[in-house]
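What follows is one structure encoded as structure tokens, with my remarks underneath.
Just so we're clear, the structure is a prediction, and the values are computed from it rather than from any experiment. We name chains A, B, ... by the order of the sequence lines, and we start the count at 1 in each one.
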Amino acid sequence: MAISTSESTERLYREAFPMVCKAVARLGGDLDAAKDIFHDALIVYLEKDRDPAFQIKISAAAYVTGIARILWIRKFKNESRTIGLDDLDLQLELGHQVLPAEDTLQAKLLSHLISTGKKCLELLQAFYYEQRSMQEIAEQFHYKTRHSATVQKHKCIEKMRSEIKKSDYEKAVA
Amino acid sequence: MRKQLHEVAAIEEYVFKRMTAPDRFLFEAKMIIDPELQQNVTLQEKVYAMIRWFGRKTRKEQLEQHFNNAMRDPKFATTIRSIFQ
């Protein structure tokens with residue numbers, strides 16, 4: 001199930017990507033690396049942008065480029081002195097990794113959950129990640145009422161908890 | 001909703017800090033005497049992390065599509081490729 005992105009995301013993509021490419025090229029990276037880091041930075045920005053309290057004093061493209069620089073530096077563990085003062089505040093705001101690296105236990109667990117309960121993950125993603133209302137979710141996932149969609153959401157969380165518990169158990173006895 | 005689903009809802013209120021101070025205090029007391037509840041809180045926190053990662057993974061796949069579309073525009077593709085020459 002696709003997450004909807006607006007035309008403004010498309011515009012931001014075309015405006016910010018060349019800026020990120022220039023920054024990454026200066027730091028010695030290639031096109032694939034620039035694309036990867038840019039997508040991570042854009043994800044961070046889009047998550048922040050849905051918070052009504054989120055405000056920036058620079059353009060969105062410059063902000064995304066700033067995030068990309070920090071993610072790049074963090075990825076290659078360069079020294080903190082290479083980060084400018086303007087970037088430092090932003091670095092403090094950024095959380096942990098955008099996505100778990102492949103072959104980590106978290107990535108394997110996510111793959112396991114996708115294979116055992118993709119429909120549940122899609123419903124939960126619509127509510128928690130895309131922040132859609134229960135009414136929209138009821139319509140999208142064909143539930144008769146908002147209440148039945150809410151009950152299903154809780155059942156899905158319970159199912160995910162149980163899958164994670166099983167996988168923790170498997171890990172513990174492995 | 002059956003008991004287990006009520007517990008899911010209560011944990012959600014706790015994890016997202018939507019409980020009043022007295023309810024929070026009571027919930028934390030219950031966790032102390034009920035290790036299963038404590039374990040379920042930890043598991044549910046992991047569920048929320050997994051949902052976020054799944055959302056990001058889906059979005060990243062979609063951005064890959066954006067990249068392919070954008071690079072089909074010869075002017076945009078030339079601009080990008082020239083940066084790495």
Side-chain angles (χ1 to χ4, degrees), chain A residues 1-5 9-10 13-14 17-18 20-22 24-26 29-31 34-36 38-40 42-44 46-47 96-100 106-107 109-110 113-114 118 120-122 124-130 147 150-151 153-165 168, chain B residues 1-18 34-85:
Chain A
M1 185 132 332
I3 294 176
S4 59
T5 51
T9 306
E10 186 78 44
Y13 195 103
R14 284 180 174 254
F17 189 44
V20 170
C21 284
K22 282 176 193 164
V24 169
R26 273 198 298 272
D30 61 11
L31 174 56
K35 181 184 70 177
D36 199 42
F38 173 60
H39 288 175
D40 282 357
L42 205 48
I43 286 168
V44 171
L46 292 171
E47 285 178 11
H96 298 296
Q97 70 213 85
V98 176
L99 272 167
Q106 294 101 319
L109 178 56
L110 182 57
L113 295 179
I114 291 170
K118 193 169 185 195
C120 265
L121 266 177
E122 285 175 345
L124 295 171
Q125 173 200 264
F127 183 76
Y128 294 101
Y129 192 78
E130 296 181 58
H147 177 74
T150 305
V151 170
K153 173 173 81 80
H154 287 142
K155 282 183 179 171
C156 281
I157 290 178
E158 198 188 1
K159 178 181 157 68
M160 294 284 130
R161 269 188 357 199
S162 150
E163 286 295 336
I164 294 173
K165 191 176 175 180
D168 274 351
Chain B
M1 283 194 289
R2 60 193 166 90
K3 187 175 170 257
Q4 194 69 2
L5 297 185
H6 277 295
E7 189 207 70
V8 168
I11 292 176
E12 178 153 316
E13 292 296 297
Y14 175 74
V15 169
F16 292 147
K17 297 184 169 45
R18 290 196 296 245
D34 183 354
E36 198 184 329
L37 175 64
Q38 194 169 23
Q39 188 190 27
N40 285 340
V41 170
T42 308
L43 287 168
Q44 204 159 315
E45 283 171 338
K46 285 184 187 178
V47 171
Y48 297 128
M50 288 294 145
I51 296 165
R52 188 171 61 245
W53 276 335
F54 181 67
R56 287 175 171 181
K57 188 176 157 64
T58 309
R59 182 160 270 167
K60 204 156 177 175
E61 285 162 6
Q62 197 180 37
L63 290 174
E64 197 66 36
Q65 202 58 48
H66 272 270
F67 173 80
N68 292 335
N69 291 342
M71 292 300 271
R72 275 191 207 111
D73 172 357
K75 196 177 160 195
F76 186 79
T78 306
T79 305
I80 296 300
R81 293 196 193 287
S82 69
I83 295 170
F84 295 96
Q85 278 167 2

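Atom OG1 of T150(A) sits about 11.0 Å away from atom CG of L5(B), to the nearest 0.5 Å. Distance check: N40(B) CG to I157(A) CD1 gives 12.0 Å after rounding to the nearest 0.5 Å. Within the model, atoms CG of L43(B) and CD of E158(A) stand 11.5 Å from one another, a figure rounded to the nearest 0.5 Å. The line from CH2 of W53(B) to CG of L113(A) is 11.0 Å long, rounded to the nearest 0.5 Å. Rounding to the nearest 0.5 angstrom, the gap separating the CD1 atom in I164(A) from the CD atom in E45(B) is 11.0 Å. Here the OG1 atom belonging to T58(B) is positioned 7.0 Å from the CD1 atom belonging to I114(A), to the nearest 0.5 angstrom.
The parts of I83(B) that come within reach of chain A are both its backbone and its side chain, each placing non-hydrogen atoms under 4.5 angstrom from that chain. A126(A) does not touch chain B: none of its heavy atoms, backbone or side chain, sits under 4.5 Å away. If you measure heavy-atom distances from F76(B) to chain A, the contacts under 4.5 Å come from the side chain alone. With a 4.5 angstrom heavy-atom cutoff, E64(B) touches chain A via backbone and side-chain atoms both. With a 4.5 angstrom heavy-atom cutoff, Q65(B) does not touch chain A via any of its atoms. Only the backbone of N69(B) has a heavy atom closer than 4.5 Å to any heavy atom of chain A. At a 4.5 Å heavy-atom cutoff, the contact between L110(A) and chain B is made by backbone and side-chain atoms alike. For K22(A), the parts lying near chain B are the backbone and the side chain together; criterion is any non-hydrogen pair under 4.5 Å.
When every heavy atom of F84(B) is checked against every heavy atom of D30(A), the shortest pair comes out as CE2-C, 3.4 Å. Annotation for A70(B) and R14(A): closest pair CA-NH2, 3.5 Å, computed over non-hydrogen atoms. Across I51(B) and Y128(A), no two heavy atoms sit closer than the pair CD1-CD1, 3.9 Å.
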M160(A) vs M50(B), side chain to side chain contact (heavy atoms under 4.5 Å, CB included): CA-CA, chis, key distance, verdict: CA-CA 9 Å; M160(A) 294 284 130; M50(B) 288 294 145; over 6 Å; no
Go through it in stages, so that I can follow the logic: the residues are Y13(A) and L63(B), the test is side chain to side chain contact (heavy atoms under 4.5 Å, CB included), and I'd like the CA-CA distance, side-chain angles, deciding distance and then a yes or no. CA-CA 9 Å; Y13(A) 195 103; L63(B) 290 174; 4.3 Å; yes
I11(B) and R161(A): side chain to side chain contact (heavy atoms under 4.5 Å, CB included), yes or no, with the steps? CA-CA 12 Å; I11(B) 292 176; R161(A) 269 188 357 199; 3.5 Å; yes
Run the side chain to side chain contact (heavy atoms under 4.5 Å, CB included) check on T9(A) and R59(B) step by step: do they pass? CA-CA 12 Å; T9(A) 306; R59(B) 182 160 270 167; over 6 Å; no
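In summary, the aromatic rings of F54(B) and Y129(A) are positioned with their centroids too far apart to meet the 6.0 Å limit.
By the 4.0 Å N-to-carboxylate-O rule, D40(A) lies too far from R56(B) to be salt-bridged with it.
A 4.5 Å side-chain heavy-atom check between H66(B) and H39(A) finds every atom pair outside the cut-off.
If you tally non-hydrogen atom pairs under 4.5 Å between each of E7(B), E12(B), K57(B), R52(B) and chain A, the highest count goes to E12(B).
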